[in-house]
Number of protein chains: 2
Amino acid sequence: MKPRAVEKKKACTIADIAREAGVSKSTVSRALNDNPLIGDGTKQKINAIAKKRHFQINMPARRLTLKQSNTIAFVTHSMYKQFSVCDLFTMEILGGITSGLKEQGYDLLMLFVDPCDADWPAQHLAAGRADGFILMTSTRKQAHIKMLVEMDAPFIAWGIPHPKYSYCTVIGDDLTGGKLAAGHLAGLGRKRIAFLGGPSEEKEVSLRFEGYSTALQEAGLIVDPLRVVHGDYSDKSGAEKMRSLLDRAPDLDAVFVNSDLMAIGAMQVLREIGKRVPEDVAVVGYDNLSITEKVTPTLTTVSQNIPLVGKLLAQNLLQYIRTRAVTHTTVPVELVVRQSA
Amino acid sequence: MKPRAVEKKKACTIADIAREAGVSKSTVSRALNDNPLIGDGTKQKINAIAKKRHFQINMPARRLTLKQSNTIAFVTHSMYKQFSVCDLFTMEILGGITSGLKEQGYDLLMLFVDPCDADWPAQHLAAGRADGFILMTSTRKQAHIKMLVEMDAPFIAWGIPHPKYSYCTVIGDDLTGGKLAAGHLAGLGRKRIAFLGGPSEEKEVSLRFEGYSTALQEAGLIVDPLRVVHGDYSDKSGAEKMRSLLDRAPDLDAVFVNSDLMAIGAMQVLREIGKRVPEDVAVVGYDNLSITEKVTPTLTTVSQNIPLVGKLLAQNLLQYIRTRAVTHTTVPVELVVRQSA
DNA sequence: CTGAAAGCGCTTACAG
DNA sequence: CTGAAAGCGCTTACAG
């Protein structure tokens with residue numbers, strides 16, 4: 001009995017506009033796509049009618065015809081339960097990506113992949129759900145990259161390029177990052193500057209270490225292996241490795257930590273054992289997550305310009321899809337000085 | 001010269017399978033959709049071929065035919081620059097949503113809307129990009145809700161239902177949350193418990209206040225208006241309002257803060273003026289963001305079971321789309337005791 | 001239990 | 001500058 005708003009369903013199509021304008025569907029389609037063949041008068045008339053009728057093009061139909069989805073999938077891990085602060089970096093990047101994508105008329109799909117799943121690329125590419133991928137996953141990233149390269153799937157990844165495969169990448173300038181961080185600590189007059197790194201097998205970490213070494217040498221300091229440890233980026237490992245650092249080199253007066261989360265963990269340990277930050281031990285983190293401004297003391301850190309990273313991931317991937325041009329982009333970093341160093 | 005992997009493009013279609021199986025496309029379609037009309041033998045043969053050929057159904061075609069996108073859009077604000085910690089709550093909820101959606105074969109689209117944009121619902125619904133929306137936006141939420149209700153768009157929103165409109169909602173149990181928080185503080189023996197609330201016009205905040213009042217009364221304490229202030233959930237406003245609270249009621253010995261971020265801001269102020277947490281002032285937050293475990297002292301807070309919230313948002317929206325059943329779900333809360341109280 | 005046919009709404013050679 | 005027609009890959013009455 002009650003009137004269902006079914007009439008709303010009869011979405012206005014190109015055919016409706018053609019009828020009203022007294023032209024063919026071809027003409028309407030061309031006019032709406034601003035095809036130069038169509039006369040200005042015709043175009044205006046058609047656009048006016050489209051506006052009046054609140055015409056919305058049917059994307060599935062368009063995608064079917066064009067054989068492209070105008071959609072990019074953002075690939076990350078399912079946490080199964082929820083996001084954790086560990087994903088902050090990933091999350092903060094989303095804003096930049098969507099805005100870069102939107103500028104070019106692309107949608108962003110969230111894709112949480114199971115680390116063991118090998119079928120997701122086909123399920124999205126062949127199925128016409130997405131035209132390409134943005135890879136932020138850390139776990140099993142190499143395996144995913146190999147898979148994607150082998151199936152010639154368009155994607156871009158955050159991180160140092162793999163030497164054997166050719167694909168688009170965006171990375172931060174880790175060498176400079178390490179140099180800035182350690183240089184700042186040296187400039188503060190610190191003499192026994194430790195390095196609390198990410199996983200030692202990661203190229204990013206080696207580069208940061210190289211920057212760190214360079215800065216120490218330039219400051220006339222030596223790189224003491226006792227003051228170098230490696231963790232896994234998490235705040236937990238930051239705490240743990242800070243402890244072993246203090247065991248091995250109890251006299252350290254500064255530490256360059258490879259992630260903000262690790263730095264937060266490290267600062268907690270320092271506080272627990274009664275060391276003041278920055279008075280006794282100065283701390284520099286990495287990533288400039290927004291969380292760095294909320295902790296006490298606020299964290300001096302290396303900023304990767306996350307919005308820019310997002311935008312570049314979007315733009316370079318779309319460029320690759322269109323031109324197959326493989327880009328490797330290094331994003332500049334800068335030191336953000338706060339209270340901890 | 002170099003062989004382009006173009007042959008990969010000839011995605012296998014239903015017609016290919018039909019040819020190979022020696023049946024009609026209709027039969028293949030039915031078999032693949034597990035239509036009971038099709039004989040088991042036929043089904044098995046067809047499924048085997050589909051598997052062998054790595055068949056992936058073409059989603060745009062399917063969506064065009066079925067007139068539904070099997071996609072839900074997650075609506076939030078474009079930060080224009082990047083996510084901030086303010087969006088942590090929103091972000092943490094994404095995992096639960098996607099998993100709930102995936103279970104039912106739906107994709108999740110990220111939609112960053114401009115607060116003033118009024119066109120996004122049509123651009124997604126009428127265009128066949130999405131079948132419904134999940135609303136997490138706080139700014140201008142009411143305006144968006146009004147718009148969606150008026151155009152009869154399927155959506156679900158996080159927050160207390162609007163009295164005049166009928167739509168699906170999911171909320172936390174704010175009354176109990178307030179009671180748990182204040183009750184815990186009273187149980188600790190605190191006598192002058194302050195309330196640092198969210199915006200006073202929000203129903204959620206009133207409910208938390210009501211819970212707070214109840215708990216105080218049950219503990220034989222009085223609710224002193226001098227110990228009640230309101231902010232806007234941000235850590236900045238937490239700091240600011242904590243200051244005015246201390247001005248007005250310098251003798252307070254505990255504070256129930258309506259968001260973890262505000263609580264973090266408040267704790268910074270307390271530390272600055274030399275009050276120890278929890279010794280001098282005990283602090284309870286709200287939301288149980290993962291950040292609460294990273295701050296010092298770790299934050300006692302009210303947990304909203306974020307993964308469950310996400311899952312319910314997904315499930316109830318899909319249910320609404322299918323049945324038009326309007327649900328209002330209240331998610332249980334629990335107190336998570338850490339160091340700050 | 002299976003098939004032929006129409007249709008979903010668009011785009012784009014091809015022909016004027 | 002414009003139109004008729006075919007086609008993208010699927011689903012589903014309708015007819016056996």
Side-chain angles (χ1 to χ4, degrees), chain A residues 9-47 49-50 53-71 105 122-129 131, chain B residues 9-47 49-50 53-71 105 122-129 131:
Chain A
K9 280 291 163 199
K10 69 147 194 19
C12 164
T13 74
I14 249 184
D16 299 324
I17 297 182
R19 197 174 315 117
E20 179 160 349
V23 298
S24 72
K25 291 191 300 173
S26 323
T27 300
V28 174
S29 172
R30 292 192 181 104
L32 259 19
N33 288 304
D34 204 28
N35 183 314
L37 288 178
I38 304 296
D40 278 350
T42 321
K43 257 182 203 169
Q44 280 170 18
K45 182 166 65 173
I46 289 173
N47 281 322
I49 296 176
R53 292 251 166 285
H54 297 103
F55 171 75
Q56 288 292 343
I57 200 166
N58 182 304
M59 292 307 283
R62 176 172 233 265
R63 288 166 178 171
L64 173 58
T65 304
L66 262 28
K67 290 167 162 310
Q68 68 172 43
S69 65
N70 275 245
T71 300
Q123 276 175 5
H124 288 261
L125 239 34
R129 284 174 149 109
D131 301 331
Chain B
K9 280 291 161 196
K10 70 148 193 22
C12 162
T13 73
I14 248 184
D16 299 325
I17 297 182
R19 198 173 316 116
E20 179 161 350
V23 298
S24 71
K25 291 190 301 173
S26 322
T27 301
V28 174
S29 172
R30 291 192 182 104
L32 259 20
N33 288 304
D34 203 29
N35 183 314
L37 287 179
I38 303 296
D40 278 350
T42 320
K43 257 183 204 171
Q44 280 171 18
K45 180 166 67 172
I46 289 174
N47 280 322
I49 297 176
R53 292 252 165 283
H54 297 103
F55 171 75
Q56 287 292 343
I57 200 166
N58 182 304
M59 292 308 283
R62 176 171 233 266
R63 288 165 178 170
L64 173 58
T65 304
L66 261 29
K67 289 168 163 310
Q68 68 171 43
S69 65
N70 275 245
T71 300
Q123 276 176 4
H124 289 261
L125 240 34
R129 284 175 150 111
D131 301 330

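Values in this document were obtained by computation on a predicted structure and should not be read as measured data.
- At a threshold of 4.0 angstrom between heavy atoms, the contacts of Arg30(A) include nucleobase atoms, whether or not backbone atoms are also involved.
- In summary, of the residues considered (Leu32(B), Ile49(B), Val28(B)), a side chain to side chain contact (heavy atoms under 4.5 Å, CB included) with Phe55(B) occurs for Leu32(B) alone.
- Looking only at distances, a side-chain donor or acceptor of Asp16(B) sits under 3.5 Å from a matching main-chain atom of Thr13(B).
- At dA4(D), none of the side-chain N or O atoms of Ser24(A) fall inside 4.0 Å of OP1 or OP2 (strictly under the cut-off).
- A straight line from CG of Asp34(B) to C1' of dC1(C) spans 15 Å, rounded to a whole angstrom.
- Rounded to whole angstrom, the span from the CD1 atom of Ile14(B) across to the P atom of dT12(D) amounts to 11 Å.
- Taking atom C1' on both nucleotides, dT12(C) is separated from dG16(C) by 15 Å, rounded to a whole Å.
- Distance from the side chain of Lys67(A) is smallest for dG9(D) among the nucleotides dG3(C), dG9(D), dC10(C).
- Phosphate proximity of dG9(D) to Thr13(B): absent, as no side-chain N or O sits under 4.0 Å from OP1 or OP2.
- Without hydrogens or angle criteria, Asn35(A) side chain to Leu37(A) main chain gives a donor-acceptor distance under 3.5 Å.
- Pair assignment for dA13(C): none, as no Watson-Crick or G-U wobble contacts are both less than 3.5 Å.
- What separates CG of Leu64(B) from P of dG7(D) is a distance of 17 Å, to the nearest Å.
- For Thr65(B), whose side chain is taken as the heavy atoms from C-beta onward, the closest listed nucleotide among dT2(C), dT11(C), dG9(D) is dG9(D).
- dA4(C) makes up no base pair with any nucleotide shown, lacking Watson-Crick or G-U wobble contacts both under 3.5 Å.
- For dG9(D), neither phosphate oxygen OP1 nor OP2 lies less than 4.0 angstrom from any side-chain nitrogen or oxygen of Arg62(B).
- Closest approach to the Thr27(B) side chain among dC1(D), dG9(C), dG3(C) is made by dG3(C) (side chain taken as heavy atoms from C-beta onward).
- Regarding Met59(A), its CE atom lies at a distance of 10 Å from the P atom of dT11(C), rounded to whole Å.
- In this model, the phosphate group of dT2(C) is not approached by any side-chain N or O of Lys25(B) to a distance below 4.0 Å at OP1 or OP2.
- Both Leu66(B) and Gly39(B) sit near DNA chain C, but only Gly39(B) has its closest nucleotide nearer the 5' end.
- Arg53(A) contributes atom CZ, which lies 4.0 Å from atom CD of Glu20(A) (distance to the nearest 0.5 angstrom).
- Remark: Thr42(B) is in phosphate contact with dT2(C), judged by side-chain N or O atoms under 4.0 Å from OP1 or OP2.
- Ser26(B) and Ser29(B) share no side-chain donor-acceptor pair at under 3.5 Å.
- Toward the 5' end of DNA chain D, the nearer of the two residues Asn33(B) and Gly22(A), judged by each one's closest nucleotide, is Gly22(A).
- The phosphate of dT2(C) has neither OP1 nor OP2 within less than 4.0 Å of any side-chain N or O from Ser26(B).
- Rounded to a whole Å, the CG atom of Leu37(A) is 17 Å from the P atom of dG16(C).
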